[in-house]
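First up is the structure itself, then whatever we jot down about it.
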Amino acid sequence: MLERAIVLMGCAIGAGLALIAGIGPGIGEGYAAGKAVEAVSRQPESKGDVTSTLLLGVALSETTGIYGFVTGLLLIFVAPNLFLGML
């Protein structure tokens, strides 16, 4: 009984910490979009280059949030059954 509670507690804490990873990409993407707007406002003729670079950077940074989300889901739904099966 106590082992089950410890496993569930550990998985819940780990899932919460993994889902905090969604904060970083949101802040980074907002900062990057703001800087892209500044760059285009200074040199409107470079809009295409700035936009393509922005989209590539946002896509790469979004993967961090997706990895955290998937890790959190795995810790909530898959890991408790695996760990409890080992006990």
Side-chain angles (χ1 to χ4, degrees):
M1 183 74 171
L2 181 61
E3 296 88 8
R4 179 178 169 81
I6 291 173
V7 166
L8 292 175
M9 178 195 64
C11 288
I13 291 172
L17 291 174
L19 292 177
I20 290 175
I23 295 172
I27 293 170
E29 290 170 17
Y31 185 75
K35 290 297 181 177
V37 169
E38 287 179 19
V40 171
S41 68
R42 286 191 198 124
Q43 292 182 330
E45 66 275 2
S46 68
K47 180 182 178 186
D49 293 335
V50 171
T51 302
S52 63
T53 305
L54 170 70
L55 291 176
L56 179 63
V58 166
L60 289 175
S61 68
E62 186 65 30
T63 58
T64 305
I66 292 171
Y67 289 147
F69 180 68
V70 169
T71 303
L73 287 178
L74 289 174
L75 283 170
I76 291 171
F77 295 111
V78 177
N81 295 329
L82 290 176
F83 290 131
L84 291 175
M86 295 165 77
L87 295 178

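The analysis underlying the following values was restricted to heavy atoms, covering all of them including side chains, and did not include hydrogens, waters or symmetry mates.
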Value rounded to 0.5 Å, distance of OG1 in T71 from CD1 in I76: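 If we round to the nearest 0.5 Å, T71:OG1 and I76:CD1 are 11.0 Å apart.
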
Non-hydrogen atoms of A36 and L54 that approach each other most closely: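 Here A36 and L54 meet closest at CB-CD2, 3.9 Å.
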
Minimum-distance pair of heavy atoms, taken over all atoms of A18 and G72: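 The answer is CB-N, 3.9 Å.
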
Donor-acceptor pair, side chain of T51 and main chain of G48, under 3.5 angstrom: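 No, because the side chain of T51 does not come within donor-acceptor range (under 3.5 Å) of the backbone of G48.
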
Same cluster (ILVMFWY, side-chain, under 4.5 Å), L82 and L74: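 Same hydrophobic cluster.
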
ILVMFWY network linking L73 to L19, side-chain heavy atoms under 4.5 angstrom: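 Yes; tracing contacts between hydrophobic side chains, which count when under 4.5 Å, links both residues.
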
Does [X] have any side chain to side chain contact (heavy atoms under 4.5 Å, CB included) partners at least two apart in sequence or in another chain, and if so, which?
X: A79; result: C11, L75, F83
X: I66; result: E62, V70
X: T64; result: P25

Residues in salt bridge (charged side-chain N to carboxylate O under 4.0 Å, His left out) contact with E38, at least two apart in sequence or another chain: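 E38 satisfies salt bridge (charged side-chain N to carboxylate O under 4.0 Å, His left out) with K35, R42 only.
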
Partners passing salt bridge (charged side-chain N to carboxylate O under 4.0 Å, His left out) against K47 (at least two apart in sequence or in another chain):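 Counting only residues at least two positions away or on another chain, K47 forms no salt bridge (charged side-chain N to carboxylate O under 4.0 Å, His left out).
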
Option among I6, V7, L2, L8 that satisfies the side chain to side chain contact (heavy atoms under 4.5 Å, CB included) test with R4: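 Running side chain to side chain contact (heavy atoms under 4.5 Å, CB included) over I6, V7, L2, L8 with R4 returns exactly one hit, L8.
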
Hydrophobic cluster (4.5 angstrom, side-chain heavy atoms) - remaining members for I27: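 Result for I27 is M9, I13, L17, I20, I23.
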
